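Written out below as structure tokens is the structure these notes cover.
Values below: all heavy atoms of this structure, side chains included; hydrogens, waters and symmetry mates excluded. Indexing begins at 1, ligand by ligand and atom by atom, following the structure's order. All of these numbers come straight from a predicted model, not from anything done at the bench.
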Amino acid sequence: MLVLTGAGISADSGVPTFRGEGGLWRRHRPEELATPEAFERDPRLVWEWYGWRRRIVAACEPNAAHRALAAWQAADAGVRIATQNVDGLHGRAAAESGIAAVAAMLLELHGSLFRIRCLSCGRRAEHRDPIDAGSVSGLPRCAGTGGCRGPLRPDVVWFGESLDPEVIETAFGWAGAADACLVVGTSAVVQPAARLAEVTREAGGAVIEVNPDRTPLTPLATVSLRGGAAAIVPRLVASDQPSVTSR
Ligand code: OAD
């Protein structure tokens, strides 16, 4: 089982989605905040925006959908998650469930709000400290060995950038080998993520979509479940657990 998730799975936790009502891209222009050019032009503004998003996410909790998927992974090593989300809520749900091997079963396709990458030495690391985006001099600098001090950027994939080749290769491997792709809370308009479900379908697997609205993947879906992730995913996962289905 490959589970492909998008911003909609975290909507029930209070994390804003990108498109649709109240979506981030309705109020902000991606080219000013989420491109390498924007960061080169105004790193302070970009960090201010990512600092704000970090604070929102840090105040949110994984919801019933994240928890149900984490429990499913704990019970079945064949369940893999590829998320487009940078909020880290899948990882937090897994950590709460005590799943040690989650890193190997969870791919963050678009990176993480809580990781940084150095523009000078390329070092990547976890980074959860508050961001002082009041001035350029307060922005985070690299603390790598050798006294790098290079500028740090959020370790997320921006518009115009490619996904990490290793990550995407692993994701396509999972998609091609999956009996089913469970697609939760994505508008399925961003590639190559949306293509993962098509790969499962082309390889003969099923596509199950959970979303309150139709998406470009709906015509491809074997089953479409209309509704919110926190309400539907736990029931779906429970129906796969013998202890529940035998009752
Ligand atoms: P979008 O904001 O494009 O889509 C969110 C989807 O979630 C929509 O299809 C909604 O109908 C659905 N949705 C809303 N509430 C839901 C709920 N409670 N339960 C289930 N579904 C719900 O977000 P993504 O598809 O994740 O990329 O966007 C893909 C990428 O575009 C993001 O990763 C980001 C963005 O630009 C980067 O930043 C690289």
Starting from [atom], locate the nearest protein heavy atom and write down its residue, its atom name and how far away it is, to 0.1 Å.
atom                    : answer
atom 14 (C) of ligand 1 : Gly8 CA, 4.1 Å
atom 27 (O) of ligand 1 : His110 ND1, 3.5 Å
atom 12 (C) of ligand 1 : Asn211 OD1, 3.5 Å
atom 19 (N) of ligand 1 : Ala229 N, 2.8 Å
atom 15 (N) of ligand 1 : Ala11 CB, 3.8 Å
atom 28 (O) of ligand 1 : Arg19 NH1, 3.1 Å
atom 5 (C) of ligand 1  : Gly185 O, 3.8 Å
atom 36 (O) of ligand 1 : Trp25 NE1, 2.9 Å

Would you say the side-chain atoms of [X] pair up with the backbone N or O of [Y], donor to acceptor, closer than 3.5 Å?
X      : Y      : value
Ser13  : Glu61  : yes
Arg67  : Pro62  : yes
Gln73  : Met105 : yes
Arg27  : Gly22  : yes
Thr200 : Ala175 : yes

From Leu69 CG over to Leu182 CG, what is the distance, rounded to the nearest 0.5 angstrom?
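These two atoms lie 6.5 Å from each other.
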
Distance, nearest 0.5 Å, that separates OG1 of Thr35 from CZ of Arg29:
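Between atom OG1 of Thr35 and atom CZ of Arg29 there are 11.0 Å.
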
Atoms in ligand 1 with a heavy atom of [X] nearer than 4.0 Å:
X      : answer
Phe159 : 36 (O)
Asp12  : 18 (N)
Pro212 : 13 (N), 16 (C), 20 (C), 21 (N), 22 (C)

Below 4.0 Å from any atom of ligand 1, is there a heavy atom belonging to Gly20?
no

Does some non-hydrogen atom of Trp158 fall short of 4.0 Å from ligand 1?
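It does not; every heavy atom stays at 4.0 Å or beyond.
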
Check salt bridge (Lys or Arg N to Asp or Glu O under 4.0 Å) between Arg226 and all other residues, then give those that pass, not counting sequence neighbours.
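Once residues adjacent in sequence are excluded, the partners of Arg226 under the salt bridge (Lys or Arg N to Asp or Glu O under 4.0 Å) criterion are Glu209.
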
Should [X] be counted as touching ligand 1, given the test is an N or O pair under 3.5 Å?
X      : answer
Gly6   : no
Gly228 : no
Phe18  : yes

Regarding atom 38 (O) of ligand 1: of the candidates Val156, Val157, Asn85, which has the closest heavy atom?
Val157

Option of least heavy-atom distance to atom 3 (O) of ligand 1 (set: Ala7, Pro30, Ser187):
Ser187

Basic-acidic side-chain contact under 4.0 Å: Arg92, Glu96
no

Which word best sums up how the rings of Trp47 and Phe39 line up, parallel for under 30°, tilted for 30 to 60°, or perpendicular for over 60°?
perpendicular

Which pairs pass ring-ring contact (aromatic ring centres under 6.0 Å, His included) with one or both residues in residues 104-136, sequence neighbours excluded?
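Those involving residues 104-136 do not exist here.
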
